[in-house]
K.L.:
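Before I ask anything, here is the structure I am working with.
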Number of protein chains: 2
Amino acid sequence: MTDTPAKARPRTRIQREKQDVILDAALNVFSTHGFRGATIDQIAEAAGMSKPNLLYYFTSKEEIHRRLLTGMLDLWLDPLRALDAEGDPMPELRSYIRRKLEMARDFPRESRLFANEMLQGAPHAIDVLEGELKTLVDDKAKVIESWMAEGKIRRTDPYHLIFSIWATTQHYADFDVQVRAVLGKDRGGDGRFEDAARFLEHLFMDGLRPAKG
Amino acid sequence: MTDTPAKARPRTRIQREKQDVILDAALNVFSTHGFRGATIDQIAEAAGMSKPNLLYYFTSKEEIHRRLLTGMLDLWLDPLRALDAEGDPMPELRSYIRRKLEMARDFPRESRLFANEMLQGAPHAIDVLEGELKTLVDDKAKVIESWMAEGKIRRTDPYHLIFSIWATTQHYADFDVQVRAVLGKDRGGDGRFEDAARFLEHLFMDGLRPAKG
DNA sequence: CGGAAATTTGACCAGTTGGAAAAAATGTTA
DNA sequence: TAACATTTTTTCCAACTGGTCAAATTTCCG
């Protein structure tokens with residue numbers, strides 16, 4: 001009786017496959033409409049099955065959302081976890097930025113799911129934010145501070161540095177429509193991520209002030 | 001018959017007042033739940049009136065949303081409009097960043113309303129993005145490019161520069177929960193905007209690479 | 001005051017929502 | 001193939017959704 005209900009863990013091939021299909025469809029819907037704006041019917045149709053059939057695999061709308069959110073949070077924090085205290089500061093930060101930008105490019109739906117959750121005040125994720133996330137950021141902020149103390153990078157606020165990396169990279173997933181609209185047809189194509197990568201490297205390395213001499 | 005319907009323009013004191021109350025309440029609801037996630041009942045209750053009463057002042061949910069969106073877009077673009085080609089480049093950019101950050105601090109709900117709209121693919125704002133916004137950004141990008149040509153600021157992509165300013169400043173409104181959670185009780189208070197301002201100035205001016213000598 | 005205009009309310013409606021129940025269909029395995 | 005477990009469909013429901021309408025109330029102005 002203390003067992004996890006059958007639906008929580010897939011036991012058959014069909015369960016595994018269908019759950020994946022459902023989660024993928026749900027990610028599409030939740031990431032664009034948010035939790036309250038999404039409907040089970042919508043998800044079911046996108047998954048190519050009837051609503052009651054979908055509810056055979058997940059007990060509720062909330063369960064699907066929870067699964068997506070926890071699943072993506074893990075993925076989401078990988079790049080920051082990879083920031084290596086033993087590595088060379090500037091290349092470490094550069095590759096962190098690059099990796100985060102790649103995530104925005106390759107997992108835009110996950111980024112938007114998270115953004116939706118934040119906009120709503122993180123009702124389902126506040127514990128993770130104040131727990132695991134804060135712990136991880138505190139840890140990496142110390143690493144960055146030690147790099148500053150060694151004079152390897154300029155002295156600033158490590159927390160806001162991390163925020164600025166999150167903001168600038170995720171922007172290309174969350175505000176994709178705006179980015180495309182502003183860049184127009186000619187520059188809004190696939191090349192925009194390389195342009196962004198080049199720009200962000202410039203920005204975070206040297207800022208805007210012209211080099212002297 | 002070609003008149004704008006009475007409800008569009010307030011004629012009495014009560015209409016003016018109530019419409020303001022409704023718009024304020026609707027801003028709260030729309031900015032946290034998005035368009036589809038918000039309900040008229042919710043807005044009406046937040047505005048302290050019954051649903052039919054609210055619908056006496058606005059003909060539909062969409063009308064309220066449209067009013068909020070167009071109203072805020074104007075406000076939102078003011079700082080960029082103020083970027084002066086004749087001014088000193090570095091101070092101009094610095095004060096643009098500062099102003100955008102102040103907007104994130106003073107109008108977080110408007111920022112979230114806009115963010116929600118972007119996440120959903122800008123169904124109600126795509127015209128503005130491809131029209132007015134693109135035109136304005138094209139214009140200001142040229143200004144920035146001329147500053148680069150004069151050697152007043154370092155040479156990079158002006159579009160992505162603008163994106164990065166939007167991203168880093170709006171982050172403090174849209175991801176406020178996360179920012180607070182990560183900074184914790186001690187640093188997550190009112191001082192976070194000043195810290196952010198200081199950091200962003202550092203970042204955009206000089207980047208992270210340590211100064212030589 | 002008194003009447004007209006503006007405002008508010010209560011009852012209502014058709015469509016949608018998340019979800020339950022049970023029966024029917026399908027798969028699996030001895 | 002028979003017995004069993006899994007999967008799918010059909011039907012249904014109560015709550016909620018955006019919105020209407022007429023009646024009741026309040027405000028405004030001469």
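Keep in mind that this is a model prediction, so the values were computed, not measured. A note on names: the letters A, B, ... follow the listed sequences, proteins ahead of strands, and every chain is numbered from 1.
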K.L.:
Check the distance between D:dT6's C1' and A:Y56's OH and give it to me in whole angstrom.
P.N.:
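Checked: the OH to C1' distance equals 5 Å.
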K.L.:
It should be established whether B:S50 places a side-chain nitrogen or oxygen under 4.0 Å from OP1 or OP2 of nucleotide C:dT8.
P.N.:
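No, outside the criterion.
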K.L.:
Mapping B:L54 and A:R36 onto DNA chain C by nearest heavy atom, which one lands closer to the 5' end?
P.N.:
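The residue closer to the strand's 5' end, by nearest nucleotide, is B:L54.
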K.L.:
Would you say A:Q15 reaches D:dT7's phosphate, i.e. side-chain N/O to OP1/OP2 under 4.0 Å?
P.N.:
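Answer yes for this pair, as a side-chain N or O of A:Q15 is under 4.0 Å from OP1 or OP2.
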K.L.:
Would you kindly give the CG-to-C1' distance between B:N53 and D:dC21, to the nearest whole Å?
P.N.:
15 Å
K.L.:
Please report the distance, rounded to the nearest Å, between CG in A:L55 and P in C:dT17.
P.N.:
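Nearest whole value for this atom pair: 14 Å.
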K.L.:
Once you round it to whole Å, what is the distance between C1' of C:dT16 and CD of A:Q42?
P.N.:
12 Å
K.L.:
Any chance you could lay out the side-chain contact (heavy atoms from CB on, under 4.5 Å) test for A:F204 and A:S164, step after step, and finish with the verdict?
P.N.:
CA-CA 10 Å; A:F204 281 96; A:S164 70; 3.3 Å; yes
K.L.:
Measuring to OP1 and OP2 of C:dA6, would you say a side-chain N or O of B:Y57 lies under 4.0 angstrom away?
P.N.:
no
K.L.:
Can a side chain N or O of A:K18 be found less than 4.0 Å away from OP1 or OP2 on D:dT6?
P.N.:
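So the side chain of A:K18 is outside the cut-off, no N or O lying under 4.0 Å from OP1 or OP2 of D:dT6.
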K.L.:
Would the base of D:dG19 count as contacting B:K61 through its side chain, where contact means a donor and an acceptor less than 3.5 Å apart?
P.N.:
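In this structure, the two groups form no donor-acceptor pair.
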K.L.:
Whole-Å distance between D:dG18 P and B:I64 CD1?
P.N.:
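Atom-to-atom, B:I64 to D:dG18, this comes out as 10 Å.
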K.L.:
So B:F163 and B:W166, would you call those rings parallel, tilted or perpendicular, with 30° and 60° as cut-offs?
P.N.:
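Answer is tilted, since the angle falls between 30° and 60°.
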K.L.:
Just how far is it from atom CZ of A:F107 to atom CE of A:M103, taken to the nearest 0.5 Å?
P.N.:
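Going from the CZ atom of A:F107 to the CE atom of A:M103 covers 5.5 Å.
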K.L.:
Could you tell me how far apart A:H33 (NE2) and C:dT17 (P) are, to the nearest whole angstrom?
P.N.:
11 Å
K.L.:
Should the ring pair B:F30 and B:F35 be called parallel, tilted or perpendicular, given that the plane angle runs from 0 to 90° and is split at 30 and 60?
P.N.:
parallel
K.L.:
In whole Å, I'd like the distance from the CG atom of A:D41 to the P atom of C:dG15.
P.N.:
16 Å
K.L.:
Between P on C:dT8 and CD on B:E17, what's the gap in Å once rounded to a whole number?
P.N.:
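Whole-Å distance recorded here is 10 Å.
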K.L.:
Checking all strands, does A:A38 fall into the base, sugar-phosphate, or nothing category for heavy-atom contacts under 4.0 angstrom?
P.N.:
sugar-phosphate
K.L.:
In Å and rounded to the nearest 0.5 Å, what is the CG to CG distance from B:L119 to A:L119?
P.N.:
6.0 Å
K.L.:
Could you check B:I40 against A:K51 and say which one's nearest nucleotide on DNA chain D is further toward the 5' end?
P.N.:
A:K51
